[in-house]
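A short worksheet on the structure shown next.
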Amino acid sequence: MQYKIPRGTFDILPPDSRRWQAVIRIWHETAQQFGYEEITTPIFEQADLFERSSGESSDIVQKEMYRFTDKKGRCFALRPEGTAPVVRSYTENNLDRQSRITRLYYVGPMFRYDRPQAGRYRQFYQYGAECIGSHHPFYDAEIIALQTAFLNRLGLRNISLEINSVGCPACSKDYDRALTAFFEPHREELCEDCRSRLTSKPRRLLDCKVPSCRAIAAAAPSMLDYLDDACKEHFALVQGYLREMEIAFTVNPRIVRGLDYYTHTAFEFLNPALGAQNAIGGGGRYDGLIMQIGGRDIPAVGIAGGFERLLLSLEIENIPLQTAPVPDAYLVLACPQAKSLGIRLLAQWRKQGLALAYDPEKDSFKAQLKAADSLKARYAVIIGEDEIASGTVSVKNLGTGEQQSVPAEAVPQLLRSKEEKKYLF
RNA sequence: GUGGGUGUAGUUCAAUUGGCAGAGCACCGGAUUGUGGUUCCGGGCGUUGUGGGUUCGAGUCCCAUCUCCCACCCCA
């Protein structure tokens, strides 16, 4: 074993690849049902696109980005998240001129240089959707509904939705000041991390796991009390829409999203069964981002989620996704003279859409039937001396054992009709 | 980036105080020449993650390194 896969990456092999296909297919279907169209962007972009959008002080930029320079010294980064590239493409291609509301969704790999852990990888796969062009709270609720529909359709049940509002930049700033003022007198009692957070990101103090910090934070002021009237109303309307859509949620004023560009609504979908890495998706509104990266002042709201944790959740809850593909029939060629005819028929029947299995290295009759059985083929199509002599082939139902001879031309129709019959019961 | 655990056949796991590296499952073949599943029989020299060291002798002890796992951190 000479080469090894890079740390924090993984191959998706059968039978897992089937599960991935199924989940991705359901994502495409759900997003399209909600009026979203697919966008695919490159997996690398100018590094400063992410630096500018995520925020210089974010962990993504500070330590998790895969950066590199190309032969001409230009600085690129493997994308650590999906929103910035979509927004870049939106502005670059003037999509705002084409329609007032633009709904886009994507699927693809993201890259973050993190220490790998269960449910956390260096190359991981995300789905996401962005609704660009309106500040209306309906769209916040709608995109949450999209993500809810997706998770429900997969069969996940033990998922909770927590929402919060981080307000507009103005009330957000007020709140940070209030937090700093609140924690400052306790500086000496805080853990080391929290002391540095106090100056850089006071909000992070709220979800520190050190018990002593938690005790202090318990009495900290709530973001919700610092929302101005407009922000308060927006948040109330989002909640109203969610209730009308019958989407269960709890308000958690401590939700902090990792990236700087979020405004107003922020939310997370959590699966408590997952352990430390329990966020399976989330999103929020980012009204300032498009202007920030050089576009017009256009509001937007988006979601994203990771497939790894989705699949982990499905496994924990024992939800089957897709059964293994089985061949319609296994071709048994019983004598050397049958081989040429058999291979011609194999090709012909495949053109007609049948899933056929055949192994040229198995000569004995018994071995071929055994193989048919282990592949769970529904039928064996047998061609040997007898069949050649009579100008027919034998079709054996491997479930019931019944067997009949028919002309070769009848096989596709026969297998198809028998299969249809099967679905009638 | 920090701390703790882990690694033996394709896979799941054994191997006593350091003493010949094994089993289940899976896989392949066979059990009178054209009929599968059950059953029975046969089939394993694997750089014990990698590289060093101690020892007459290392899967086992020591050091380094890598991987994965758990937690911190962060998030998907």
Side-chain angles (χ1 to χ4, degrees), chain A residues 1-10 13 54 57-65 79-83 107-128 147 191-194 196-197 201 204 207-210 213 255-259 266 268-271 274-283 303-313 330 332-335 338 359 361-389 394-403 405:
Chain A
M1 201 141 29
Q2 224 163 5
Y3 292 106
K4 282 171 77 175
I5 193 166
R7 177 162 206 210
T9 66
F10 54 92
L13 307 168
S54 303
S57 66
S58 67
D59 280 334
I60 286 181
V61 172
Q62 289 279 303
K63 48 182 202 188
E64 293 171 5
M65 266 216 307
R79 62 181 184 197
E81 57 104 18
T83 298
V107 204
M110 306 293 162
F111 305 82
R112 308 233 273 241
Y113 190 91
D114 235 354
R115 180 106 164 225
Q117 195 175 325
R120 189 168 80 185
Y121 302 90
R122 289 182 173 176
Q123 174 170 341
F124 57 102
Y125 295 81
Q126 277 196 335
Y127 63 90
Q147 196 160 19
C191 71
E192 206 180 311
D193 286 339
C194 283
S196 71
R197 285 175 186 139
K201 291 193 156 199
R204 285 266 169 238
D207 54 12
C208 181
K209 280 169 190 162
V210 176
C213 297
I255 286 191
V256 183
R257 302 239 75 215
L259 307 175
E268 273 176 10
F269 287 86
L270 303 173
N271 181 352
L274 279 187
Q277 311 299 329
N278 64 355
I280 62 168
I303 56 163
F307 284 113
E308 294 79 8
R309 292 177 196 175
L310 235 39
L311 287 154
L312 259 169
S313 305
Y330 191 96
V332 176
L333 303 181
C335 63
D359 183 344
E361 294 184 291
K362 285 194 197 305
D363 291 321
S364 89
F365 203 92
K366 192 173 283 193
Q368 295 185 71
L369 273 178
K370 229 178 216 179
D373 202 58
S374 75
L375 288 172
K376 299 187 168 59
R378 281 187 271 267
Y379 296 93
V381 175
I382 301 163
I383 306 172
E385 286 164 353
D386 299 348
E387 284 80 6
I388 290 173
S394 298
V395 176
K396 179 182 175 112
N397 182 321
L398 292 172
T400 64
E402 79 181 281
Q403 184 170 326
S405 346

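Throughout, protein chains are lettered first and strands after them, A, B, ... in sequence-line order, and every chain is numbered starting at 1. For clarity, every value in this text was computed on a predicted model and none was experimentally measured.
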Those residues that, when tested against A/Arg112, pass side chain to side chain donor-acceptor pair (under 3.5 Å) (two or more places apart): none
Pairwise P distance, B/G19 and B/G51 [rounded to whole Å]: 22 Å
Whole angstrom value for the distance that separates P of B/G1 from CE of A/Met65: 17 Å
Sugar-phosphate only, base, or nothing, as touched by A/Leu310 at under 4.0 Å among non-hydrogen atoms: nothing
Pairwise salt bridge (Lys or Arg N to Asp or Glu O under 4.0 Å) hits with a residue in residues 303-312 of chain A, at least two apart: none
Residues A/Arg120, A/Asp114: salt bridge by 4.0 Å N-O rule: yes
Pairwise P distance for B/A31 and B/G18, with rounding to whole Å: 50 Å
Contacts of type side chain to side chain contact (heavy atoms under 4.5 Å, CB included), residue A/Ala380, not counting sequence neighbours: A/Val332, A/Leu369, A/Ile382, A/Lys396, A/Leu398
Interatomic distance where CD belongs to A/Glu385 and P belongs to B/U33 [whole Å]: 14 Å
Nucleic acid footprint by protein, nucleotides 66-76 of chain B - heavy-atom cut-off 4.0 Å, B for base, S for sugar-phosphate alone: SSSSSBBBBBB
Residue pair A/Gln123 / A/Thr9, side-chain donor-acceptor N/O under 3.5 Å: no
Dot-bracket pairing map - RNA chain B, Watson-Crick plus G-U, both contacts under 3.5 Å, | cross-strand: (((((.(..((((.....[..)))).(((((.......))))).....(((((..]....)))))).)))))....
Nearest-Å distance once atom P is located in both B/G59 and B/A26: 30 Å
Shortest non-hydrogen contact between A/Gln126 and A/Gly82, atoms and distance: OE1-N, 4.3 Å
Separation between the P atoms of B/G30 and B/A15, rounded to whole Å: 37 Å
Non-neighbouring partners of A/Ala367 that pass side chain to side chain contact (heavy atoms under 4.5 Å, CB included), sequence neighbours left out: A/Lys362, A/Ser364
Donor-acceptor pair under 3.5 Å, A/Gln403 side chain vs B/U35 base: yes
Residues which pass side chain to side chain contact (heavy atoms under 4.5 Å, CB included) with A/Leu13, listed by chain and number, not counting sequence neighbours: A/Asp11
C1' atoms of B/C75 and B/U67, separation to the nearest Å: 22 Å
Nearest-Å distance for atom pair NZ/P, residues A/Lys362 and B/G34: 15 Å
C1' spacing across the pair B/C73 / B/G3, given as an integer number of angstrom: 12 Å
C1' spacing across the pair B/G57 / B/G53, given as an integer number of angstrom: 15 Å
With A/Gln147 via side chain to side chain donor-acceptor pair (under 3.5 Å) - residues at least two apart: A/Tyr127
A/Asp386: salt bridge (Lys or Arg N to Asp or Glu O under 4.0 Å) partners, not counting sequence neighbours: none
Sequence-aligned protein contact record of nucleotides 36-44 of chain B, with B where the base is within under 4.0 Å of a protein heavy atom and S where only the sugar-phosphate is: BB-------
Test side chain to side chain donor-acceptor pair (under 3.5 Å) applied to A/Glu81 - qualifying residues, sequence neighbours left out: A/Tyr261
Length of the line joining A/Phe365:CZ and B/U32:P, which is rounded to integer Å: 15 Å
B/U47 to B/U38 separation - C1' atoms, rounded to the nearest Å: 40 Å
Side chain to side chain donor-acceptor pair (under 3.5 Å) partners of A/Ser54, counting only residues at least two apart: none
Sugar-phosphate only, base, or nothing, as touched by A/Gln123 at under 4.0 Å among non-hydrogen atoms: nothing
